[in-house]
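Have a look at the structure below, then the notes.
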Amino acid sequence: MHNTYLQIKQLNKRYGAKNVVSDVNLTMEEGEILSLLGPSGCGKTTMLRMIAGLIAPDSGWIGVGGQVFYDGKRALEVEERQIGMVFQDYALWPHMTVAKNIAFGMRLRRKPGSEIRKKVEQLLELVNLPGVGQRYPYELSGGQQQRVAVARALATEPRLVLMDEPLSSLDAGLRENMRTELVQLFRHLKITVINVTHDRDEAMSMSDRIMVLRDGKVQQCGTPTDLYLYPHNPFVASFMGYANMLSGEVVESTDTDMVLLRLTENTQGQLIVQGKAQTAGNTSIAGKTYLLFRPENIRVSQEMRQLDHTNHCEGKVVHTSFVGGQWRTLIALDGVTSTPILTFPPFRPQIAQRLWLEFPPEYCQVIVG
């Protein structure tokens, strides 16, 4: 049985007429890493700051480690929450050495000098920066400064670490290395972490679970695999990775969870496609419906093949580029007015070349949005 370490109930925050955070509920286990993912202005940082006590909620409940942070009436003081913060701009004191930056929180808590010195040395070893204690922040690289910021956040032995886009100012290569280092560090220390990011790759590589937000509302919360493979709506599908989506109307829904769709954007007669609904025998699918399939699940051929299902179309190459060892190719489907389909052919396609696409039903999801 899992024990709840952090719990948030019906959290709300409004600025003027705008609901910045709306009825958010969340539970986390101790040692879990959660990312808040979404576009700018979706409420990620506001939610983080309410947990930290830097912003007062309008209503709701927040508790961490058996202690109530906010109950709708009273809020625990920031310094009593035992939270470590890691900011986007590191927020290191420029006039202090690395050692003094890390020791700052411990000095405020009047820890003995010998204990502070020992702890600083341990933390510098932990973040792979031994021997830099007497340097100043401006003498360090961006990645090194970020490690110092993490060491400072861990110095007071927080019950929870909150990170607000901590890697966004680093270059791509260093950012990828830091993701791995931070996850390994947090796993080793069994630290509970909430990370705010708008970077999908960062969220997927660092998190046990991801909460996707839009306009202050939770769109979906789950493991990176679940959000990628089984998105609840078109927004989540697109935010978790490139998603090919064809709009359609439900023709038939079966007990085997397969749904037949008639494409509504098909201008050359009726094109019926099929995909898997998220609930078996779902005959109550209503609203705008889409067939979702990822580029990596499309089979591209230079000649027509005999198939035992309806999910195949012919189209013309409209754009191609070689990225990350793959030919990223956009194909405009015959008679379909939607955005061209993104594919990864195993060969080099030519502009205006005719190709045949197969998107197997078992790799297609029917979603409503």
Side-chain angles (χ1 to χ4, degrees), residues 39 200-201 204 212 220 224-225 227-252 257-278 285 287-369:
R200 175 190 70 242
D201 292 340
M204 294 188 76
V212 179
Q220 190 172 348
T225 303
L227 266 62
Y228 187 79
L229 296 178
Y230 311 110
H232 286 178
N233 57 49
F235 177 79
V236 175
S238 297
F239 214 86
M240 295 307 297
Y242 196 95
N244 293 306
M245 284 186 280
L246 301 175
S247 63
E249 299 172 345
V250 176
V251 176
E252 181 182 349
D257 79 3
M258 295 302 295
V259 176
L260 296 181
L261 295 181
R262 179 186 297 109
L263 294 187
T264 55
E265 296 178 340
N266 181 241
T267 60
Q268 297 181 357
Q270 293 188 355
L271 180 57
I272 304 296
V273 294
Q274 54 185 320
K276 298 176 69 174
Q278 294 190 17
I285 297 176
K288 199 163 186 179
T289 309
Y290 297 90
L291 187 77
L292 160 70
F293 48 101
R294 301 288 184 183
E296 62 269 22
N297 291 326
I298 302 173
R299 298 167 186 166
V300 184
S301 303
Q302 299 184 70
E303 56 187 37
M304 185 182 296
R305 299 191 304 159
Q306 287 296 114
L307 301 171
D308 59 359
H309 59 77
T310 62
N311 292 12
H312 50 89
C313 301
E314 188 178 352
K316 181 175 69 174
V317 175
V318 295
H319 179 75
T320 187
S321 59
F322 191 70
V323 180
Q326 293 177 311
W327 287 105
R328 295 172 59 89
T329 303
L330 292 175
I331 299 176
L333 301 184
D334 291 352
V336 177
T337 59
S338 61
T339 303
I341 300 299
L342 177 64
T343 65
F344 301 146
F347 51 86
R348 181 175 184 173
Q350 304 297 320
I351 299 297
Q353 181 180 359
R354 304 291 298 176
L355 295 174
W356 283 262
L357 277 61
E358 175 196 357
F359 31 101
E362 62 268 27
Y363 295 121
C364 295
Q365 293 288 324
V366 175
I367 59 175
V368 177

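Along the sequence shown, residues carry numbers from 1.
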Out of curiosity, [X] [atom1] to [Y] [atom2], how far, rounded to the nearest 0.5 Å?
{"X": "L357", "Y": "L333", "atom1": "CG", "atom2": "CG", "result": "6.0 Å"}
{"X": "T339", "Y": "L246", "atom1": "OG1", "atom2": "CG", "result": "9.5 Å"}
{"X": "S238", "Y": "R200", "atom1": "OG", "atom2": "CZ", "result": "10.0 Å"}
{"X": "T289", "Y": "R262", "atom1": "OG1", "atom2": "CZ", "result": "12.0 Å"}
{"X": "I367", "Y": "K276", "atom1": "CD1", "atom2": "NZ", "result": "15.0 Å"}

Using a 4.5 Å cut-off on heavy atoms from C-beta on, say whether the side chain of [Y] contacts that of [X].
{"X": "L355", "Y": "Q302", "answer": "yes"}
{"X": "H319", "Y": "P340", "answer": "no"}
{"X": "N233", "Y": "V368", "answer": "no"}
{"X": "F239", "Y": "P231", "answer": "no"}
{"X": "L227", "Y": "M204", "answer": "no"}

*Sequence neighbours left out, what passes side-chain hydrogen bond (donor to acceptor under 3.5 Å, both in side chains) with D201? Give chain and number order.*
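For D201, no residue satisfies side-chain hydrogen bond (donor to acceptor under 3.5 Å, both in side chains) once neighbours in sequence are set aside.
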_Distance-minimising heavy-atom pair for R294 and A237_ =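 Nearest pair, atom of R294 first, then A237: NH1-O, 2.9 Å.
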*For P346 and V300, work out which heavy atoms get closest and say how close.*
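Closest pair (atom of P346, atom of V300, distance): CD-O, 4.4 Å.
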Solution key, residues 310-318 side-chain donor-acceptor pairs under 3.5 Å, sequence neighbours excluded:
{"unit_1": "T310", "atom_1": "OG1", "unit_2": "I272", "atom_2": "O", "d": "3.0"}
{"unit_1": "N311", "atom_1": "OD1", "unit_2": "Q274", "atom_2": "N", "d": "2.9"}
{"unit_1": "N311", "atom_1": "ND2", "unit_2": "Q274", "atom_2": "O", "d": "2.7"}
{"unit_1": "N311", "atom_1": "ND2", "unit_2": "F359", "atom_2": "O", "d": "3.1"}
{"unit_1": "H312", "atom_1": "NE2", "unit_2": "H309", "atom_2": "O", "d": "3.2"}
{"unit_1": "E314", "atom_1": "OE2", "unit_2": "R354", "atom_2": "NE", "d": "3.3"}
{"unit_1": "E314", "atom_1": "OE2", "unit_2": "R354", "atom_2": "NH2", "d": "3.2"}

_Pairs flagged by salt bridge (charged side-chain N to carboxylate O under 4.0 Å, His left out) wherever residues 341-351 is involved - sequence neighbours left out_ =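 Every pair satisfying salt bridge (charged side-chain N to carboxylate O under 4.0 Å, His left out) with a residue in residues 341-351: there are none.
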*Pairs flagged by salt bridge (charged side-chain N to carboxylate O under 4.0 Å, His left out) wherever residues 357-369 is involved - sequence neighbours left out*: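 Counting only pairs at least two positions apart or across chains, the salt bridge (charged side-chain N to carboxylate O under 4.0 Å, His left out) contacts touching residues 357-369 are R299-E358, R305-E358.
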*asked:* I need the single residue from I331, L330, N244, T320 that forms a side-chain contact (heavy atoms from CB on, under 4.5 Å) with T343. Which is it?
replied: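 When side-chain contact (heavy atoms from CB on, under 4.5 Å) is applied between T343 and each of I331, L330, N244, T320, only I331 qualifies.
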_Chi angles and distances behind the side-chain contact (heavy atoms from CB on, under 4.5 Å) call for M240, V212_ = CA-CA 9 Å; M240 295 307 297; V212 179; 4.2 Å; yes
_Residue pairs, two or more places apart or on separate chains, that pass ring-ring contact (aromatic ring centres under 6.0 Å, His included) and touch residues 320-352_ =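 Qualifying pairs: F322-W327.
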_According to ring-ring contact (aromatic ring centres under 6.0 Å, His included), who are the partners of Y228, at least two apart in sequence or on a separate chain?_
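In terms of ring-ring contact (aromatic ring centres under 6.0 Å, His included), with neighbours along the sequence ignored, Y228 is linked to no residue.
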_I'd like to know if the side chain of Q220 and the backbone of Y230 have a donor-acceptor N/O pair within less than 3.5 Å._
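Here the side-chain-to-backbone pair exists.
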*Would you check if there is a donor-acceptor pair between the side chains of Q326 and E296 at a distance under 3.5 Å?*
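Looking only at side-chain atoms, Q326 and E296 do not form any donor-acceptor pair under 3.5 Å.
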